[in-house]
Amino acid sequence: MKFFNFKQNSFPLLMLFLLMFTFFFVPIGVNTRLLTSNISGLLNNCMLGVFVVLFSVNLLYELSKTDYRIRFFSIDSFLFLSLIFFTMASFNLRLADYATGVFAFFSLLYLFVKRKWYKFSWMFIFLFLYVSLRVFGTIGTPLGFRFPEKLLAFFIIPLSFCCFRLSVNDYFRLLKIFVRGVALYMVVSIFSWYLYSMIFGISPIEWMTKKIVEIGGQSSYVWITAWSRNTHPSFNMIGVAAALIATFYLYHNRALTGIIISRMEVVLFSLLSVVFSSAMESRIGIVSVGFILLFTSLYFVYIKTKHFKTGLIIVSVMFIVAFYLFENRFVGFINDNVRRTDYTLAVNYIKGHPMWGVGFGQQAVALKQQAVIMKDVLPMLPQAKTYTHNQFLGDMVQFGIWGLAMLLIFLTALVIFAFRSRSYPIQLFSGVLILYMFIEEPFTVQSGITRFMLFLTLFVHGYEIMKSSVNNPAKL
């Protein structure tokens with residue numbers, strides 16, 4: 001009966017209560033005209049308030065189980081709190097910029113107090129080389145040779161993690177706080193999604209399975225996370241993917257660490273991730289969540305049973321059957337003429353400039369020039385193109401074949417490191433990063449750089465902790 005242990009399942013039960021409240025209260029509020037789009041600002045502020053209160057209560061509860069309640073004003077507690085702030089601020093780009101600086105400050109202060117530097121992973125050397133190419137790519141651009149500010153995160157975040165080393169208990173406590181914060185974030189967002197689907201008279205199922213371009217004069221996904229002041233679906237899903245990975249990692253290591261997360265919470269978080277990514281209409285989000293769930297399922301089958309091949313066959317058959325049964329429902333969702341146009345422009349530009357690209361940050365110029373050349377071939381563009389939505393094509397447009405080569409060298413080093421480490425979080429998050437590079441440019445925009453560097457470095461930090469603390473380091 002551990003599955004229904006009230007103490008261990010109090011948090012998922014709270015989440016279920018909030019979801020039940022959502023599906024009971026929202027229809028009543030909409031039908032009585034108590035809830036309308038005219039007061040969306042007030043509603044968003046109320047949702048933000050609810051999230052802050054619930055997250056704060058959970059944070060204080062988790063901190064009460066640590067030594068930080070005794071030494072609250074120590075450098076250790078300030079560093080720990082800055083790291084919590086950083087992980088949760090990743091869901092708001094403006095906050096993330098401030099959180100990066102706060103975390104780097106306390107990391108440096110910790111280094112001065114403790115006077116101990118920890119070596120960073122060799123994999124980051126290849127990352128730094130890749131970023132250096134981007135810096136040299138500024139030569140010949142209108143602003144001239146410079147160090148672009150957005151690239152600082154590539155160096156600041158990994159080097160900040162070298163200033164300290166969390167204990168095993170503190171690391172997993174941090175992951176638990178983060179996971180539960182993301183769970184609250186998704187529950188509040190699902191409330192928002194269901195609320196506005198009722199207000200605008202749209203079926204929630206239709207919203208999830210069709211790529212609805214606009215609702216009430218705004219992109220459909222804007223209504224779901226407007227309360228958090230950050231609405232980009234793809235980059236919001238980076239934090240959700242990292243939290244889903246952390247959820248399974250916490251569950252597998254619960255006996256080792258004593259940081260308990262129940263089976264019920266794992267199942268609920270997985271379901272929330274699927275619903276949230278579908279509601280946000282994030283293609284890459286759905287693919288990432290599916291990739292994590294599929295890989296994790298097969299991994300558990302592999303380490304727990306002798307039926308890995310059977311499990312692989314069953315999962316493959318289920319995927320194929322689901323695709324054929326629901327293919328028609330997802331046609332509108334899968335089609336993406338915007339990105340198809342981006343790729344067409346990028347490929348044709350690269351054909352004419354294979355060796356040397358247009359330079360750092362000049363994608364918009366190159367795509368605009370190519371659009372003029374191909375104006376009789378491509379349909380009328382609703383707005384000017386700014387980037388290619390593909391990291392590999394984007395780097396070739398900016399830096400030519402050398403950009404692609406350096407990116408592939410870094411990714412090869414990352415994959416080698418992930419498999420050598422035998423670390424489940426690093427392997428899964430590396431896979432998510434590579435998937436993102438096919439449909440977004442996470443290393444081109446600040447929101448992608450900060451989020452991916454934070455969680456990649458956080459998981460690498462966890463691997464280093466486990467490697468030095470237990471005999472069987474970081475195996476899942």
Side-chain angles (χ1 to χ4, degrees), residues 93 96-97 100 123-159 232 234-235 338-378 381-414 433-434 436-453 456:
L93 181 57
D97 290 339
T100 304
M123 174 266 298
F124 287 114
I125 296 175
F126 291 91
L127 175 66
F128 296 157
L129 290 174
Y130 165 71
V131 178
S132 298
L133 171 69
R134 301 180 74 87
V135 174
F136 284 109
T138 61
I139 298 174
T141 60
L143 296 179
F145 179 68
R146 67 196 188 282
F147 192 102
E149 184 179 346
K150 69 169 68 174
L151 300 183
L152 285 172
F154 281 115
F155 295 93
I156 290 176
I157 296 175
L159 294 177
H232 196 291
S234 296
F235 293 116
V338 173
R339 281 178 170 80
R340 188 177 294 115
T341 301
D342 294 339
Y343 303 157
T344 302
L345 291 174
V347 168
N348 281 275
Y349 182 84
I350 292 168
K351 287 179 179 178
H353 309 78
M355 296 301 295
W356 306 105
V358 71
F360 178 85
Q362 298 299 301
Q363 277 195 72
V365 175
L367 295 179
K368 184 178 180 180
Q369 292 174 353
Q370 194 64 39
V372 172
I373 296 173
M374 303 180 67
K375 62 181 179 180
D376 297 328
V377 179
L378 293 175
L381 302 178
Q383 56 186 11
K385 297 296 179 181
T386 55
Y387 67 114
T388 64
H389 286 93
N390 182 293
Q391 191 69 56
F392 305 99
L393 294 178
D395 278 7
M396 288 195 72
V397 169
Q398 294 180 92
F399 314 111
I401 191 66
W402 311 109
L404 177 64
M406 287 303 298
L407 177 60
L408 292 177
I409 289 172
F410 161 66
L411 292 179
T412 301
L414 176 62
L433 171 60
I434 294 172
Y436 260 80
M437 287 186 171
F438 283 102
I439 199 169
E440 288 287 353
E441 291 188 55
F443 283 179
T444 298
V445 294
Q446 189 68 67
S447 53
I449 295 171
T450 301
R451 288 172 169 94
F452 270 110
M453 288 309 304
L456 177 61

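No hydrogens, no waters, no symmetry mates; every other heavy atom, side chains included, goes into these values.
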Side-chain (Glu440) to main-chain (Asn390) donor-acceptor, under 3.5 angstrom: no

Pairwise distance CG(Leu433) to CG(Leu414) - rounded to 0.5 angstrom: 6.5 Å

pair Phe154-Leu127: side-chain heavy atoms closer than 4.5 Å: yes

Over all atoms of both residues, closest heavy-atom pair of Pro442 and Met437: CG-CG, 4.0 Å

Pair Gln362, Thr141: side-chain N/O donor-acceptor within cut-off below 3.5 Å: no

Phe360: ring pair (Phe, Tyr, Trp, His ring centres under 6.0 Å) partners, not counting sequence neighbours: none

Flag side-chain contact, heavy atom, 4.5 Å: Leu404 against Leu393: no

Residues that Phe399 engages under ring pair (Phe, Tyr, Trp, His ring centres under 6.0 Å), provided they are two or more places apart: none

Those residues that, when tested against Phe410, pass ring pair (Phe, Tyr, Trp, His ring centres under 6.0 Å) (two or more places apart): none

Results of side-chain hydrogen bond (donor to acceptor under 3.5 Å, both in side chains) for Thr444 - residues two or more places apart only: Gln391, Glu441

Where Pro148 and Val135 come nearest, the two heavy atoms and their spacing: CD-CG2, 4.5 Å

Under the side-chain contact (heavy atoms from CB on, under 4.5 Å) test, residues paired with Ala153 that sit two or more places apart: Ile157, Gln446, Ile449, Thr450

side-chain contact (heavy atoms from CB on, under 4.5 Å) partners of Trp356, counting only residues at least two apart: Trp402

Taking every non-hydrogen atom, the tightest pair across Asp342 and Thr388: CB-O, 3.4 Å

From Thr138 atom OG1 to Phe145 atom CZ, the distance as rounded to the nearest 0.5 Å: 5.0 Å

Whether His232 and Phe235 hold their rings parallel, tilted or perpendicular, with breakpoints at 30° and 60°: tilted

Selection residues 349-360 - residue pairs positive for salt bridge (Lys or Arg N to Asp or Glu O under 4.0 Å), sequence neighbours left out: none

Set of residues satisfying side-chain contact (heavy atoms from CB on, under 4.5 Å) with respect to Ile373, sequence neighbours excluded: Gln370

Sequence-distant partners of Phe128, side-chain contact (heavy atoms from CB on, under 4.5 Å), two or more places apart: Phe120, Phe124, Phe155, Pro158

Ring geometry between Phe392 and Phe438 (parallel below 30°, tilted from 30 to 60°, perpendicular above 60°): tilted

Heavy-atom pair with the smallest gap, counting every atom of Ser234 and Tyr436: O-OH, 2.5 Å

Full working for side chain to side chain contact (heavy atoms under 4.5 Å, CB included) between Ile350 and Ile401: CA-CA 9 Å; Ile350 292 168; Ile401 191 66; over 6 Å; no

Qualifying salt bridge (Lys or Arg N to Asp or Glu O under 4.0 Å) pairs with a residue from residues 131-157, counting only residues at least two apart or across chains: Arg134-Asp395

Residue pair Leu407, Tyr130: steps toward the side chain to side chain contact (heavy atoms under 4.5 Å, CB included) verdict: CA-CA 6 Å; Leu407 177 60; Tyr130 165 71; 3.8 Å; yes

Contact check, side chains of Gln369 and Val358, non-hydrogen atoms, under 4.5 Å: no

Test item: Phe126 and Val131 side chains (from C-beta on) under 4.5 Å apart, heavy atoms: no

